[in-house]
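Step one of this worksheet: look at the structure below.
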Amino acid sequence: MNKKHTTLLSFDQEHLWHPYTSMSKPLPSYLVEHAQGVTLTLAGGEYVVDGMSSWWSVVHGYNNPALNLAMKAQIDTFSHVMFGGLTHKPAINLAEKLIALTPKKLTKVFLADSGSVAVEVAIKMAIQYQHSRNKAHKNRLLTIKNGYHGDTFAAMSVGDPVNGMHQLFQGFITENYFAEAPQCGFYDDFDEQDLASVKHQLEQHHDRIAALILEPIVQGAGGMRFYHPQFLKGCRALCDQYDVLLIADEIATGFGRSGKLFACEHANIEPDILCLGKALTGGYLTLAATLCSDHVAQVISNGEAGVFMHGPTFMGNPLACSAANASLTLLIENDWHAQVMNIEQQLKAQLLPLVDLGNVEDVRVLGAIGVIEAVNPVIMDKIQKRFVELGVWIRPFGKLVYVMPPYVISKEELTKLTDAMRAVMQDDSLFQCPKAPTK
Ligand SMILES: *Cc1c(COP(=O)(O)O)cnc(C)c1O
């Protein structure tokens with residue numbers, strides 16, 4: 001790294017907030033100079049294979065020619081116009097595509113700026129829906145523990161009450177209802193008891209509850225857990241029984257990541273409201289969407305307000321929509337299903353055996369997601385540095401060392417990721433209070 005890079009990095013440390021970091025004791029950041037395919041080039045000259053898809057988003061790889069072309073064409077046409085009173089082809093095409101790809105019931109599309117905002121929109125829809133049916137008392141949410149739905153306040157209010165640090169914002173965060181998280185894993189036999197807590201909450205509080213919100217099948221940032229499809233099926237039935245809407249937050253799982261185009265398909269259910277984001281634009285720009293059923297839309301529109309009360313400045317941004325359109329086209333052209341199944345098979349072959357290592361508590365793989373849960377939490381700066389030395393970009397949190405690579409990753413590149421994961425799991429010095437290998 002030359003002097004210029006060092007100056008840039010020290011400015012960054014001094015002045016730029018990064019996600020969940022301290023300004024007094026910031027962890028080091030790595031300067032990216034270039035990104036191509038599944039490889040990031042760092043200012044130190046290292047090439048690292050990306051295992052994170054920049055948080056579930058860059059599914060087709062960096063600097064993708066088709067995505068670049070689509071955005072350049074749109075820039076030369078127009079980059080933005082207000083969505084109030086105006087519309088445009090990129091948004092119309094995107095809505096058509098989303099309606100065709102998602103569960104049949106979902107026919108109305110709200111374009112939002114980010115995942116968290118898509119969740120806010122979904123929550124508002126649920127509350128306005130109940131209000132419009134003269135059920136204004138149904139203005140709370142039910143969710144399951146270990147969830148993550150974003151960092152804005154309503155989204156935080158349904159995040160895990162412990163990990164989500166509700167304590168810190170007490171008095172400012174709406175109090176919602178929490179059911180126990182499902183215990184049966186995706187591959188386990190299902191135990192009906194898993195649904196008891198959701199059932200109990202609905203029995204007790206259904207007259208206060210507008211909607212049940214959850215991440216279908218994969219609980220992401222709340223613990224990278226894969227639960228049983230039967231649980232989701234049961235939740236759908238209970239929502240119907242207790243007159244509560246079901247909001248599926250597929251911001252992480254959408255567009256093939258879990259092995260189905262949408263994780264709801266594992267349970268063969270349709271939500272009333274669906275949140276999409278992250279991979280929507282192939283990771284090019286921030287854009288999210290909240291879809292709802294015709295019924296939900298009609299009830300809201302015939303209610304007291306007569307309209308749905310939301311409309312961000314950059315709603316339906318044409319550049320973001322054009323990236324999303326190109327990304328959805330590529331998803332089909334590249335045969336996302338074959339891509340994801342190949343990744344799943346290789347992750348299973350290369351990661352599952354690591355369960356025998358002393359530092360490993362559990363290993364789980366679903367679709368293009370591979371998770372190693374360690375016995376002890378990682379030492380973040382040390383393990384990050386080690387991963388970069390091993391030529392990969394993998395960013396663990398807590399006890400979780402996991403990958404969700406771009407779908408375009410090659411067999412060799414994926415092996416590089418799993419080799420690096422094995423190497424760090426064998427190194428006690430990268431974990432807090434290292435445990436002697438006993439297994
Ligand atoms: C990332 C994520 C969000 C929040 O999306 P942002 O774009 O970061 O606001 C919401 N829900 C789930 C399930 C997510 O994974």
Side-chain angles (χ1 to χ4, degrees), residues 17-21 52-59 102 110-126 141 143-161 163-165 173 176 178 181-182 211-227 232 235 246-258 260-264 266 271 273-291 310 312 314-315 317 320-321 323-324 327 366-369 371 395-398 400 402-404:
W17 291 104
H18 282 260
Y20 295 93
T21 55
M52 307 307 288
S53 300
S54 283
W55 279 336
W56 316 81
S57 68
V58 184
V59 290
T102 56
F110 189 102
L111 297 170
D113 333 35
S114 72
S116 299
V117 174
V119 169
E120 301 284 324
V121 165
I123 292 172
K124 265 195 188 177
M125 280 180 178
L141 297 156
T143 189
I144 52 178
K145 290 181 185 171
N146 293 333
Y148 176 78
H149 296 283
D151 291 347
T152 52
F153 276 96
M156 265 201 296
S157 78
V158 285
D160 187 84
N163 300 335
M165 293 201 292
I173 286 195
N176 289 310
F178 290 87
L212 166 60
I213 180 168
L214 45 69
E215 297 152 279
I217 307 298
V218 179
Q219 291 192 290
M224 301 298 292
R225 292 151 47 100
F226 311 142
Y227 64 82
L232 186 55
C235 285
L246 178 63
I247 303 173
D249 178 352
E250 296 235 20
I251 290 165
T253 49
F255 308 109
R257 183 57 70 178
S258 76
K260 299 280 186 190
L261 194 54
F262 299 100
C264 280
H266 285 289
I273 300 175
L274 173 71
C275 301
L276 300 173
K278 290 200 163 109
L280 177 59
T281 61
Y284 263 53
L285 278 176
T286 176
L287 179 70
T290 306
L291 283 84
H310 207 92
F314 288 98
M315 184 167 178
N317 174 258
C321 289
S327 177
L366 180 69
I369 314 167
V371 184
R395 189 164 175 85
F397 69 85
L400 299 168
Y402 63 104
V403 288
M404 55 262 189

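Order of appearance sets the numbers: ligands from 1, and atoms from 1 within every ligand. What you see below is based on every heavy atom in this structure, not just the backbone, and it leaves out hydrogens, waters and symmetry mates. Starting from 1, each residue takes its place in the sequence as its number.
Scanning the protein heavy atoms around atom 8 (O) of ligand 1, the nearest turns out to be S116 OG, 4.4 Å. Given atom 1 (C) of ligand 1, the protein heavy atom at minimum distance is K278 NZ, 1.5 Å. Protein heavy atom at the shortest distance from atom 5 (O) of ligand 1 is G115 CA, 3.2 Å.
In this structure, the side chain of H310 does not engage the main chain of E120 through any donor-acceptor pair within 3.5 Å. When atom types are taken as modelled, the side chain of S54 and the backbone of S57 share no donor-acceptor pair closer than 3.5 angstrom. Listed for the S157 side chain is a donor-acceptor partner under 3.5 Å among the backbone atoms of A154. Side chain of S116 to main chain of D151: a donor-acceptor pair is present (N/O by atom type, distance under 3.5 Å, no hydrogens or angles). Side-chain atoms of E250 do not come within 3.5 Å of backbone N or O of P216 as any donor-acceptor pair.
Each of T290, I213, T152 was evaluated against V119; a single residue qualifies, I213, per the side-chain contact (heavy atoms from CB on, under 4.5 Å) test.
Considering only non-hydrogen atoms, atom 13 (C) of ligand 1 lies nearest to D249 out of I213, V117, D249.
Close approach of ligand 1 to G150 is summarised as follows: ligand atoms under 4.0 Å from at least one heavy atom of the residue are 4 (C), 10 (C). Counting atoms of ligand 1 from 1 in the listed order, those under 4.0 Å from a heavy atom of H149 are 10 (C), 11 (N). The distance from ligand 1 to the heavy atoms of E215 drops below 4.0 Å at these ligand atoms: 13 (C).
When heavy-atom distances to ligand 1 are checked against a 4.0 Å cut-off, W56 has no atom that comes that close, whether in backbone or side chain.
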